[in-house]
Each structure stands twice: as structure tokens, then as C-alpha cells.
Amino acid sequence: MDAATRPTSGWGTVADTFADRDPGRPVAKASLLDAVTDLRAAVAETRFPLPLDGVARARRQRAELLDQLDDHLLPRLRELSAPGLVVVAGSTGAGKSTLVNSLVREEVSQAGVLRPTTRRPMLVHHPADAELLAGHPLLAHMDAVARDAVPRGVALVDAPDLDSLLEENRETARRLLDAADLWLFCTTAARYGDALPWQVLDLAAERGAAMAMVLNRVPRDAVIAVRSDLLARLGEHGLSTVPLFLVPDVRPHEGLLPESSIAPVRRWLTVLAGADRAQGVIARTQRGALAALRPRVDGLADAVQAQVDAREALEAEVGVLLAGPAERAAAEVAQGAVARGPVRGAWAAHAGRGGALGTAWTSRRAGEARASALRAVGEEVLGAARVALAAARRAGETAVAAGVGDRLAAVELPDLAPGVAEPDADAQAWLDGAASRLRSADHRGVARLLRQAGETGAAVVLAAAALGLGASRVLLERAIGGEAARALADATAADLSERMRAQVLAAGARVRAGLDQPDLAPDAASRLRLRRAVLKEWT
């Protein structure tokens, strides 16, 4: 897959983002932008073919890392002057939409809808920032409105619930947090002690993201106690510097919150939107995001190395699995198993009293009958070799499937084993090899046998002898002498034994060919580690 092609779900790619941007607006240093772009390409090319423990988590981490690069870092580096994205996040019923609407002083984001339902995010920005946001990849997946009430330099994003019953909503909320320049986390006085708020805040701190917290629906008689308790909890989590805003409970209530309730948040946003302050927040989050990349890339690299190690172990295990079947298949030739049945029957049918193979071989008148008989025997010899070689191939495949088939389920293996002929072709090659061996023999008796039986017939006699057919071996020894006959038969038998062994081991060749891919190469993890090391100078 091309490195620029987004491998995750439907949020587009940043390959051409901001291609038409104003060349006068600031961008990140080319070296930093190039380093992050190269990292993105390396992460996109990373795959996990083997179903190891933890591979699902590694794939999820890869997708999340691509999200962060595509939704936040690369767009930000390409357009440093774009307004800071303030993502308003929280749990169900925390009052996120009401807060956004109240800050804008109109209903721009639907609040209080029935749950669960698919929630499309809403982005609200100052009209003067529209051009700077025009190329952001997230805009294709959220509704956007321009309102003068939003301070120029920041944009508010009303995110779906982090604890939504719908996975799609939770995934969208997570991606928006990855894309944020600042997290504005909303919860309520009744729920701030839940696990979710602190998980999110700890995650933001871990990534070095700028953040603030809004506590909604605080009873007026409990403001001091709630503030004290919440500040203490923030301190315990190392978050004592996080801005904290308490919004008093105004129940019964519908629509916008009173201006006095959200005035502190509005003032903070106005200050935050100042050029120096906004860029400072953006730079802080950017540094945190870059620093957070390093352990995430290390985690991916470790997962890739686990795949590489598993490949080596898998190939070694396949070798062990096939060793026994390969030796047993090769031994079948020496044991005469290949010649049993049809081969012996065919020879006996033509070598009995009056049979063509039983008459004097010096008789020219019997030559045609002898040739016909040898052709019949040859068909059985060839067929037996094909059957034996095919059985050896199946034995190898069966051993691999039984031993490691579950770990190869996702690996695309080639149909043909590299360098190993299919059984039918291999059987013919073995018989042709017998004929070639006879042609190459510098022996008077061999020359005489070739004249008497023809090249094809003589090869059948030799092949049958190699398979352990005693009558054929006797005939061969009588024709060319015992020592020469044994040497030729042994060489032909050894050739078939090696072919039988190779057919079994073909299963291993298929596995090695299927595992011969960049994601499992010995240096696969080093590609990610190199990209991570290049980022070190900016963190």
C-alpha cells in the first residue's frame, strides 16, 4: 500500500492537505515536517501478518498513531497560524453542547438528544479564521459554523461522548482528542469522582497536552467544598496547574446558561486566543505530541520485532516438523514401497512364460513386442512415481497445517513452492534423468541395452530396478554387468529419494516464501526506530 494512502476508517489523508495554502503563511521547519512525514510513511507501511498475542493491540496503536499524525501533527506543522483546536470532551450528560452553545450565545450544537445516537462533531470558529481552517482534514467529518462570538485564534469543537454506547462515537471522540491543541474536559459535580475523567486527564498529561477542566452543575452551597476536593485530586495526579472552572447549578434549566455562569471560561478563551498565548499553547501541545510519539513508535517497533522473532521461530519449527516426514518419504524408495502393486503386476504380466520381457533380448523379431511391453511397464513406473511424489507433497503440507497452520492463517502462501516441480512434472523429470544417465554412461553393455530396448525402454528397465523391482535389476545386471548396473540403479534411486524429500520440504519452501516480506525482514523494526531517533532533537 502506498505510504500516503490512509489505512484507517474513512477520515481521509493528509498527503495533499494545504497544497494550495498561502506560501506567505508560516509552516514548521522543513526538517521537522519532513521527519514527521517520513515517520507517517513508515507507520503506514507497517503491518503485523502473524497472529501473535497482542497483535490486535499493536494494530490499534498503529491506527491511533496514524490518526494523531494525520489529524493533528501534520496539519499543524503545515499551517502553524491556524487557530488552536479546543476540543470540548467529556462523558454523557456532562453539558458539553450546552457549554459550547452558551459561549457562542446561540444553539449551534444540538444538546440533550436521545442516547445512543451517532453524533457528528460541531466546530465553531471566528469568521476570519475560515481560510486558515479550510484545508484541515477533520472538516470533512464535522459540521462547522463561523460565529463572531468565538475569539479569533481558537476554534471550539463539541465532541461526542467519550463513554458513548456507540463505538463510532467513542472512536470519534478519541480521534478529536488526538487532534486537539487544547483539551477542555467537562464533567459534573455528581460525576467528577468517576474513573473516566481521571483517565482522560492522565492521558492528556502523559501526552503533554494543554488542558483545562470545567465542572458543571455545582450546587451553590457546595462550591467551596467541591473546589477544594477537586483541586486536591488534581494535585494528586500532578495536575495542580490545570485551569479549573466551576459552573453553578441553575436547575431547572433549558437552553443557554446565564452569561455570568460561563463568563470565566469566556475570559480565559479570550486571553488564550491572543497571538502569543495561543501560539504558546499550540507549541506546548506540539512538543508534548512529538514527545509522546517516541514511546508509541517504540511500542510499534517492539511489536514488529516480535513478528520478526516469531518468523524465525516459525521457520525453525517448520523445519523440525518436516524433517521426519522427509526422511520417511525418501526411505520409501529404498524399501521398495514405490514398486509395489501396479509396477510389479505390469512387469509380471509381460515377463511370464511367453511374455515379451521373458524372451531372449537378442531376438530382433521380439523387439516390437518388447518395446510395447516396456511402454506398458513405463506407464506404471511413471504413475507410481507421480503417486509417491504427490503423497510426499501432501505429507509435508499436512505436517505444516497440523503444526503451525493457525499461525499461518493470515499469511498468503504461494501456490507453488519456489524451485520445486509439481509431482507430475517431477516424476517425468526423474524418468528422463534415468535415460540421461544411460546416455552418459561410457559402457559397452549400456550401449548394447540401448540398442536392444531403445532409449525409453532402457530407461524403464533402469527406473524399475531403482524402485527395487528384483526382476528388472537381474535383467539390468545381465545386460551391463553387476557393478555398472548397481551404480546406475543406486544413482537413479537416490535421485528419486531426493525428489521425495524435496516434495515434503516444498511445504517449508512455501512458508518461507510467504514469510519473505518487508514486515518480517530482520531489519523491519529498525525502520521505525530510525524515524523515531530523527525526532529526538525536537523533543
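The basis for the numbers below is simple: all heavy atoms, side chains too, and nothing from hydrogens, waters or symmetry mates.
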**Asked** Got Glu455 and Leu438 here, is their nearest side-chain heavy-atom distance under 4.5 Å?
**Response** no
**Pair His72, Asp181: side-chain N/O donor-acceptor within cut-off below 3.5 Å** = yes
**Prompt:** Can we say Arg394 and Glu397 salt-bridge, meaning some charged N sits less than 4.0 Å from an Asp/Glu carboxylate O?
**Reply:** no
**Prompt:** Any side-chain heavy-atom pair from Arg170 and Ser164 closer than 4.5 angstrom?
**Reply:** yes
**Pair Arg393 + Asp426: basic N to acidic O under 4.0 Å** = no
**Asked** Are any of the side-chain nitrogens in Asp516 or Arg512 under 4.0 Å away from the carboxylate oxygens of its partner?
**Response** no
**Request:** Using the test salt bridge (Lys or Arg N to Asp or Glu O under 4.0 Å), find all partners of Asp158 that sit at least two apart in sequence or belong to another chain.
**Result:** Arg119
**Prompt:** Step by step, would you call Val411 with Val511 a side chain to side chain contact (heavy atoms under 4.5 Å, CB included)?
**Reply:** CA-CA 9 Å; Val411 178; Val511 170; over 6 Å; no
**Asked** In terms of heavy-atom contacts, does CZ of Arg478 have more than 12 from other residues, nucleotides or ligands at under 6.0 Å?
**Response** no
**Asked** Looking at side-chain heavy atoms only, is the closest gap between Leu314 and Leu408 below 4.5 Å?
**Response** yes
**Request:** Mind listing the closest non-hydrogen atom pair of Asp495 and Trp430 along with its distance?
**Result:** OD2-CD1, 3.5 Å
**Prompt:** Are the side chain of Ser472 and the backbone N or O of Val461 linked by a donor-acceptor pair below 3.5 Å?
**Reply:** yes
**Message:** Applying side chain to side chain contact (heavy atoms under 4.5 Å, CB included), can you list everything that pairs with Glu317, at least two apart in sequence or on another chain?
**Reply:** Leu321, Val404, Arg407
**Message:** So, taking the atom named CD in Gln199 and the one named CD in Glu206, what distance separates them when rounded to the nearest 0.5 Å?
**Reply:** 12.0 Å
**Message:** Return the CD to CZ distance between Glu332 and Arg501, rounded to the nearest 0.5 Å.
**Reply:** 12.0 Å
**Request:** Go through the steps for Val297 and Leu535 under the test side chain to side chain contact (heavy atoms under 4.5 Å, CB included), then give the verdict.
**Result:** CA-CA 11 Å; Val297 174; Leu535 290 175; 5.7 Å; no
**Shortest non-hydrogen contact between Ala388 and Val338, atoms and distance** = CB-CG2, 4.0 Å
**Request:** Taking Arg510 for its side chain and Ala417 for its backbone only, find out whether a donor-acceptor pair lies under 3.5 Å.
**Result:** no
**Prompt:** Under a 4.0 Å N-O cut-off, is there an ion pair linking Arg344 with Glu380?
**Reply:** no
**Message:** Could you check whether any side-chain heavy atom of Leu85 comes within less than 4.5 Å of a side-chain heavy atom of Leu123, counting everything from C-beta outward?
**Reply:** yes
**Request:** Please step through side chain to side chain contact (heavy atoms under 4.5 Å, CB included) for the pair His141 and Arg175, ending with a clear verdict.
**Result:** CA-CA 11 Å; His141 309 281; Arg175 292 193 64 173; over 6 Å; no
**Asked** Can you find a pair of side-chain heavy atoms, one from Val304 and one from Asp519, that are under 4.5 Å apart?
**Response** no
**Message:** More than 12 heavy atoms of other residues, nucleotides or ligands under 6.0 Å from CG of Asp53: yes or no?
**Reply:** no
**Test item: Gln286 and Leu290 side chains (from C-beta on) under 4.5 Å apart, heavy atoms** = yes
**Asked** Do Asp71 and Asp178 have side chains that get closer than 4.5 Å, going by heavy atoms?
**Response** no
**Atom of Leu196, atom of Ser91 and distance for their closest heavy-atom approach** = CD2-CB, 3.7 Å
**Prompt:** Rounded to the nearest 0.5 Å, what separation is found between the CH2 atom of Trp347 and the CG atom of Leu467?
**Reply:** 11.5 Å
**Asked** Is it true that a side-chain atom of Arg311 and a backbone atom of Leu515 form a donor plus acceptor pair closer than 3.5 Å?
**Response** yes
**Item:** N/O donor-acceptor pair under 3.5 Å between Ser526 side chain and Asp523 backbone
**Value:** yes
**From CA spacing to verdict: side chain to side chain contact (heavy atoms under 4.5 Å, CB included), Leu201, His237** = CA-CA 9 Å; Leu201 292 170; His237 285 258; over 6 Å; no
**Request:** Check Leu322 against Gly508 and note the closest heavy-atom contact, atom names and distance.
**Result:** CD1-N, 3.3 Å
**Message:** As an exercise, state the distance from CG of Leu476 to CG of Leu469, rounded to the nearest 0.5 Å.
**Reply:** 11.5 Å
**Request:** Compute whether any side-chain donor of one residue and acceptor of the other, for Arg47 and Gln517, lie under 3.5 angstrom apart.
**Result:** no
**Message:** Measuring from atom CG of Asp38 to atom OG of Ser31, what distance do you get when rounded to the nearest 0.5 angstrom?
**Reply:** 11.0 Å
**Request:** Taking all non-hydrogen atoms of both residues into account, name the closest pair between Met500 and Val333 and its distance.
**Result:** CG-CG2, 4.1 Å
**Request:** For Ala458 and Leu450, work out which heavy atoms get closest and say how close.
**Result:** CB-CD2, 3.7 Å
**Asked** Sub-3.5 Å donor-acceptor pair from the side chain of Arg40 to the main-chain atoms of Asp70, do we have one?
**Response** no
**Message:** As an exercise, state the distance from CZ of Arg60 to CD of Glu171, rounded to the nearest 0.5 Å.
**Reply:** 10.0 Å
**Asked** Is there side-chain contact between Asp406 and Pro51, with heavy atoms separated by less than 4.5 Å?
**Response** no
**Main-chain N/O of Asp432 paired to Ser436 side chain as donor or acceptor, under 3.5 Å** = no
**Fill in**
Between Asp161 and the options Asn169, Thr92, Leu166, the side chain to side chain contact (heavy atoms under 4.5 Å, CB included) test singles out Thr92
**Message:** Main chain of Leu177, side chain of Trp183: is a donor-acceptor contact present, judged purely on distance under 3.5 Å?
**Reply:** yes
**Message:** Which residue is it: Val381, Leu488, Leu431? I am looking for the one with a side chain to side chain contact (heavy atoms under 4.5 Å, CB included) to Leu462.
**Reply:** Leu488
**Request:** Verify, without hydrogens or angle tests, whether Gln307 (side chain) and Leu50 (backbone) share a donor-acceptor contact under 3.5 angstrom.
**Result:** yes
**Prompt:** Going by atom types alone, do Asp309 and Gln305 pair a side-chain donor with an acceptor below 3.5 Å?
**Reply:** yes
**Request:** With sequence neighbours excluded, tell me which residues meet side chain to side chain contact (heavy atoms under 4.5 Å, CB included) with Asp298.
**Result:** Arg529, Arg532
